[in-house]
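This one's a predicted model, so the numbers in the text were calculated from it and none came from an experiment. Worth knowing before you read on, the calculation uses all heavy atoms, side chains too, and leaves out hydrogens, waters and symmetry mates.
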Amino acid sequence: MITASLVAVGLVCAGAAAALLLRPAVPASLAGDAAATTAPAAQREFADEQAVDVRLTMADSASIVAPRDGRVTALQCAPGAEAHSGDTMVSVDGRPLLSLATSTPLWRDLRIGDTGADVTALQETLTADGYATAADGVVGSSTADAVRSAFRAIGVTGPSGQPEEQAGDEDEAAQQAVVLAVADVVWLPAPSLVLQECATVVGGQMAAGDVLATSPDVVTGVRITGQDSSALPGDRVVAVGDVAGALTADQTIVDPEFLRDIVTTPEFSEAAPQDHEVVLPGTSSLTAPVAVLAVPASAVFGLAGTAGCISIDGSPVPVDVAGSELGQTLVAPREPLDGVSQVDAKPEADASCAS
């Protein structure tokens with residue numbers, strides 16, 4: 001019995017040894033390096049593209065009206081022609097009138113110290129037209145300078161009804177002078193629009209309130225919703241098809257060309273307006289893409305929100321997590337990392353993240 005048992009044990013051991021000898025070797029190309037401590041880090045540009053809703057505020061076909069009585073002495077109007085805020089489309093009694101697309105139509109002459117929503121709207125429009133001034137709702141010297149610059153661009157110095165030299169005086173009388181006369185402004189319903197029909201001619205007599213021209217439905221405002229709260233900070237551009245415009249800090253687009261061209265996109269023609277609003281699918285992306293590293297998720301440690309670290313040769317490197325794709329984490333180093341192609345694959349559990 002004992003002899004038989006010993007023989008059986010011997011046979012088992014001999015079989016195990018034979019199996020070890022006969023097991024095929026793992027090809028070197030398939031063998032994993034159990035001791036690997038680094039992982040590849042691919043450098044790339046990242047624009048943080050995100051899907052957003054582009055909400056267009058629409059105005060019904062509008063009439064552009066004359067702000068004053070007089071004879072038309074010059075006219076830039078034809079069906080299909082464009083009218084732009086900051087330009088002039090008509091001169092009355094030899095005086096060019098300034099076209100302005102303010103969100104609140106101007107309804108009074110403005111003087112230094114005047115305040116109100118119409119003042120803020122004027123300041124925002126002047127800035128959008130290239131004549132920067134603070135949108136603080138108060139007519140001050142900066143706003144007066146911007147108004148004068150806008151009028152000089154169309155060949156006018158000084159508000160109507162005031163001596164031209166008074167516009168630059170600093171004495172008390174100048175403080176009471178009109179900074180902007182409402183009779184000098186043709187209000188537009190949008191920063192840029194296509195004219196549908198012209199209702200006057202050069203040489204024609206007109207009165208305040210007479211129709212100068214009409215326009216079809218126009219986009220009067222654009223705002224963006226649906227952008228992820230984790231979006232990377234920085235200047236952004238929004239695109240719908242081939243039309244793109246800069247996004248402001250308050251999630252709107254005021255670029256006149258965007259407002260004009262958005263209605264030519266297939267997305268707009270396929271959309272169904274509801275309550276004077278059209279919602280289009282768009283994308284938001286960084287104007288200037290950021291440099292990122294694509295690393296394994298295990299290489300990122302010490303996360304607090306989107307801030308964390310990676311480790312290179314045992315040294316922590318502060319980064320911000322920009323996103324992820326294809327199983328990799330995209331991180332933006334706080335300092336440039338030229339030539340980096342490897343990171344520590346699995347930093348020590350107690351590694352410190354000096355962010």
Side-chain angles (χ1 to χ4, degrees), residues 32-33 35-56 222-255 257-258 262 265 267 279-355:
D33 184 0
T37 60
T38 62
Q43 299 196 29
R44 66 181 65 174
E45 295 291 306
F46 183 63
D48 193 26
E49 185 172 296
Q50 299 192 7
V52 294
D53 291 328
V54 182
R55 297 181 177 275
L56 313 180
V222 180
R223 61 188 179 93
I224 306 303
T225 59
Q227 183 162 282
D228 196 288
S229 59
S230 64
L232 293 181
D235 294 336
R236 286 185 164 266
V237 63
V238 170
V240 176
D242 295 331
V243 178
L247 188 63
T248 68
D250 59 356
Q251 302 295 290
T252 63
I253 299 177
V254 296
D255 181 354
E257 292 188 3
F258 185 93
I262 192 67
T265 62
E267 290 82 356
V279 181
L280 306 180
T283 57
S284 166
S285 57
L286 292 171
T287 303
V290 297
V292 299
L293 291 174
V295 300
S298 62
V300 184
F301 66 98
L303 279 174
T306 59
C309 285
I310 58 174
S311 177
I312 299 177
D313 295 332
S315 299
V317 177
V319 297
D320 291 299
V321 175
S324 62
E325 59 181 40
L326 300 178
Q328 293 184 307
T329 299
L330 305 180
V331 297
R334 304 254 179 104
E335 298 291 337
L337 295 177
D338 295 333
V340 170
S341 60
Q342 298 283 324
V343 297
D344 296 337
K346 293 183 178 180
E348 296 296 331
D350 58 352
S352 173
C353 178
S355 56

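Once rounded to the nearest 0.5 Å, the distance linking OG of S285 with CZ of R236 reads 7.0 Å. The structure places NZ of K346 at 11.5 Å from OG1 of T37, a figure rounded to the nearest 0.5 Å. For the atom pair I262 CD1 and E257 CD, the distance stands at 13.0 Å (nearest 0.5 Å). In this structure, Q50 CD and L286 CG are separated by 8.5 Å, a value rounded to the nearest 0.5 Å.
Taking 4.5 Å as the limit, every side-chain heavy atom of E267 sits out of range of all side-chain heavy atoms of V243.
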| request: Using the side-chain contact (heavy atoms from CB on, under 4.5 Å) rule, take V340 and Q43 through it: C-alpha gap first, then chi angles, then the decisive distance, then the call. | output: CA-CA 8 Å; V340 170; Q43 299 196 29; 4.2 Å; yes
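More than 12 heavy atoms of other residues, nucleotides or ligands lie within 6.0 Å of CG in D250, so this atom counts as buried by the packing criterion. Within a 6.0 Å radius of CD in E45, other residues, nucleotides and ligands contribute more than 12 heavy atoms.
For the pair D48 (side chain) and L232 (backbone), a donor-acceptor distance under 3.5 Å is present.
For the side-chain contact (heavy atoms from CB on, under 4.5 Å) test, residues two or more places apart in sequence or in another chain that qualify with T287 are D235, V237.
Just one residue in the list V222, V52, I253 forms a side-chain contact (heavy atoms from CB on, under 4.5 Å) with L247, and that residue is I253.
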Side-chain polar contacts of residues 291-315 - donor-acceptor pairs under 3.5 angstrom, sequence neighbours left out - could you list them?
from: S298; atom 1: OG; to: A345; atom 2: O; distance (Å): 3.1
from: S311; atom 1: OG; to: D344; atom 2: OD2; distance (Å): 2.5

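Residue pairs meeting the salt bridge (charged side-chain N to carboxylate O under 4.0 Å, His left out) criterion with at least one member in residues 316-333, sequence neighbours excluded, are R44-E325, D320-R334.
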